[in-house]
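Structure record follows, encoded as structure tokens.
Residue numbers start from 1 in every chain, and the chains themselves are labelled A, B, ... in the order their sequence lines are given, proteins ahead of strands.
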Amino acid sequence: MRDRLLLELLRAPLTEPAPAPDEAALAELAAKVDGAARRRLGRSLAIREVDAGSCNGCELEIHALNNVYYDLERFGIRFVASPRHADVLLVTGPVTSNMREALERTYRATPSPKWVVAVGDCAVDGGLFAGSYAVVGGVSAVLPVDLHIRGCPPSPTTLLKGLLALLHVA
Amino acid sequence: MSALAALMRDANRVTSHQPWPRVVVKRQAWSAAIDDLSQRRLTLLSLWGEAAAVQMALLDEPTGEIAVLGLDCPDGRFPSVGARHSPAQRLERTIADLFGIVAEGAGDVRPWLDHGRWAMRQPLGARVASPESPMPYAFLSAEGEGLHQIPVGPVHAGIIEPGHFRFTANGETVVRLEARLGYVHKGIDHLMAGAELETAAKLAGRTSGDSTVAYALAFARAVEAALAVEPPPRAHLLRALMAELERLANHLGDIGAVCNDAAFALMHAHCGMLREQVLRTADACFGHRLMRDRVVPGGVAADLDPSGQAAVGALVELLRGRFPALPRLYDNTASLLDRTVTTGILRPDLVRQFGAGGYVGRGSGRAFDARRLPGHAPYDRLDFTVPVQQEGDVHARLRIRMDEVEQSLRLVSQCLARLAPGPLRAELPRQPGEGMALVEGFRGDILAWIRLGPDGRVARCHLRDPSWFQWPLLEAAIEGNIVADFPLCNKSFNCSYSGHDL
Ligand code: SF4
């Protein structure tokens with residue numbers, strides 16, 4: 001094992017340069033988040049991820065943000081286990097009727113100021129699942145959403161651009 | 001005469017059902033099938049409802065025969081399978097939730113997917129009003145001195161799907177675990193009904209995000225069976241190639257994540273790197289990292305050009321070079337083995353009773369793999385082995401994945417070598433029919449059953465995730481382990497919530 005660690009020390013890092021924040025995301029955020037909240041959030045973000053009904057595809061790509069190529073933590077962005085420690089709720093999926101209350105409770109447990117980022121096409125308007133008896137709709141049907149990151153699922157690069165936009169306006 | 005043949009002897013065969021027979025039986029034969037299941041003469045592949053009928057898919061493992069038994073239930077009742085064969089219990093509770101059809105004599109009649117929060121109850125049946133407030137759920141009790149309960153979820157600490165776990169513990173030791181699922185129920189059965197094939201295929205590919213290729217493949221094969229269409233050879237090979245890339249990506253992710261739950265982050269970092277390489281190659285070759293919507297009824301929607309072939313070849317080389325060091329590292333790390341060996345042991349007889357597939361089944365001695373039995377193109381012409389372990393612990397389920405990475409690499413190479421120019425898609429007629437398929441996803445066998453109406457649209461589609469027969473076994477495997485080992489056991493099963501909740 002020590003050989004491996006040594007070897008990795010000698011190799012060039014795999015981590016990629018940061019992409020520029022997404023322009024559309026910046027515009028959406030500028031319109032929604034007021035300056036005071038931005039200043040209070042500062043340049044480090046704690047994210048609580050909530051699957052509100054996703055197919056799990058979005059989660060796979062959110063996970064990928066932690067691999068060595070994207071290495072999200074270098075930007076001061078990290079995932080936390082409790083909503084009580086979070087600045088941002090990252091919500092995926094069409095919101096199912098069975099998850100609605102859990103999502104609302106998670107939101108209430110998150111201290112203000114807080115941002116809600118809706119991830120994936122389903123989180124925008126329910127996607128392919130819209131209209132089902134078991135689906136409430138997109139995240140904005142339940143919570144005020146500050147930023148949408150589209151895709152099915154959005155790639156880690158797309159996710160990164162959106163999250164960097166959060167830091168940028170902050 | 002085989003057990004299945006005996007059941008079907010005097011029954012009416014539905015001629016349009018392909019490739020395996022479907023027969024409409026009377027109550028007597030239905031009850032005889034329950035006998036066979038409870039005596040372990042047959043394996044339950046699935047059980048699902050319709051407006052006024054229930055269907056049960058059965059496998060005769062020694063002979064490899066498969067058949068579907070249908071029972072009309074005009075009065076909305078059928079003899080419970082779950083009462084004598086517990087793997088059917090949650091499927092029956094789901095039939096009651098969706099259709100309002102009642103399993104007579106069932107021991108557990110609690111709603112399963114329906115939490116009392118949908119816009120209506122029995123959405124595919126009588127469509128009755130939902131209760132004013134959500135229905136309370138009575139967890140099974142465990143009584144004794146010093147026992148305490150730990151509720152967990154539905155929102156968990158990590159980036160994972162939602163579900164509720166109710167632990168009853170005695171000190172640190174888990175005495176009972178009961179899962180409550182259904183939180184991500186999206187109403188896929190309902191959305192499928194009446195959908196055009198194109199939309200339905202997309203829905204199938206969004207049933208469980210990590211198995212999008214396998215689900216799209218299962219759905220496509222069921223449709224092709226119903227319409228008696230055979231995809232061109234190049235499509236078969238590209239499908240298998242995508243399915244194996246998906247298996248590689250998921251197994252790599254799981255191997256890293258299980259080790260990470262045992263606090264061994266180095267493995268997680270290395271596996272994450274290799275997984276990312278698989279997804280990037282998939283993106284470069286097929287235009288989507290998860291290869292979603294690339295397998296379609298009739299064939300495939302994306303080709304592999306010469307530069308793509310070279311990229312897949314390079315990926316195989318990279319993994320062949322880098323991966324073997326990881327199982328070696330695992331084998332040489334005593335502190336890691338200490339966590340995985342003898343943890344979360346799943347007994348072989350339970351695996352056989354539940355017909356559990358994937359690494360859960362193969363880690364406990366059940367060699368079943370849908371690529372072999374019933375088998376499907378192009379695997380019948382490819383060379384691979386199905387690894388099996390006997391111990392049934394976290395270690396065994398991890399080992400299966402490691403061995404399967406090597407097999408998938410062999411399969412990808414063979415697909416590449418056999419690719420010959422040719423068409424990608426067969427024409428699909430617009431006509432009625434019934435079809436079924438069993439496809440091996442990374443976590444086990446996915447069953448897809450479809451009935452197409454005269455207009456060529458989906459009349460009814462049932463998708464059975466491998467997790468249906470794995471979730472209950474997690475509850476058995478954790479018994480007697482410490483609560484702190486649950487994440488490790490859970491990850492070693494890695495059951496799907498979305499695929500199960502539908
Ligand atoms: S946007 Fe796509 S990947 Fe994300 S939850 Fe919806 S279907 Fe799944």
Specify which of B/Gly153, B/Gly272, B/Pro162 makes the most heavy-atom pairs with chain A at under 4.5 Å.
B/Pro162

Between chain A and each of B/Met120, B/Lys186, B/Glu161, B/His115, count heavy-atom pairs under 4.5 Å; write down the option with the most.
B/Lys186

With a 4.5 angstrom heavy-atom cut-off, is it the side chain or the backbone of B/Arg280 that approaches chain A, or both, or neither?
side chain

In terms of ring plane angle, is the pair B/Tyr497 and B/Phe165 parallel, tilted or perpendicular, where the classes change at 30° and 60°?
perpendicular

Let me know if B/Arg328 has heavy atoms under 4.5 Å from chain A in its side chain, its backbone, both or neither.
neither

B/Asp210 versus chain A, heavy atoms under 4.5 Å apart: side chain, backbone, both or neither?
both

How about A/Arg150: does its CZ atom have over 12 heavy atoms from other parts shown lying under 6.0 Å from it?
no

Flag this pair as yes if the NZ/CZ of B/Arg206 is under 6.0 angstrom from the six-membered ring centre of A/Phe129 and inside a 45 degree cone about the axis; otherwise no.
no

Given a strict heavy-atom distance threshold of 4.5 Å, which part of B/Ile159 is in contact with chain A: side chain, backbone, both, or neither?
both

Tell me, for B/Leu113 versus chain A, whether the close heavy atoms (under 4.5 Å) come from the side chain, the backbone, both or neither.
backbone

Only pairs of heavy atoms separated by less than 4.5 Å count here; which of B/Arg127, B/His268, B/Arg275, B/Glu276 has the most with chain A?
B/Glu276

Relative to each other, are the rings of B/His190 and A/Tyr133 parallel, tilted or perpendicular (30° and 60° limits)?
perpendicular

Where does B/Leu290 contact chain A at under 4.5 Å (heavy atoms): side chain, backbone, both or neither?
side chain

Would you say B/His500 and B/Trp112 are linked by a side-chain donor-acceptor pair, where the criterion is simply a distance under 3.5 Å?
yes

Name the option with the most non-hydrogen atom pairs under 4.5 Å to chain A; the candidates are B/Gly158, B/Gly116, B/Pro123.
B/Pro123

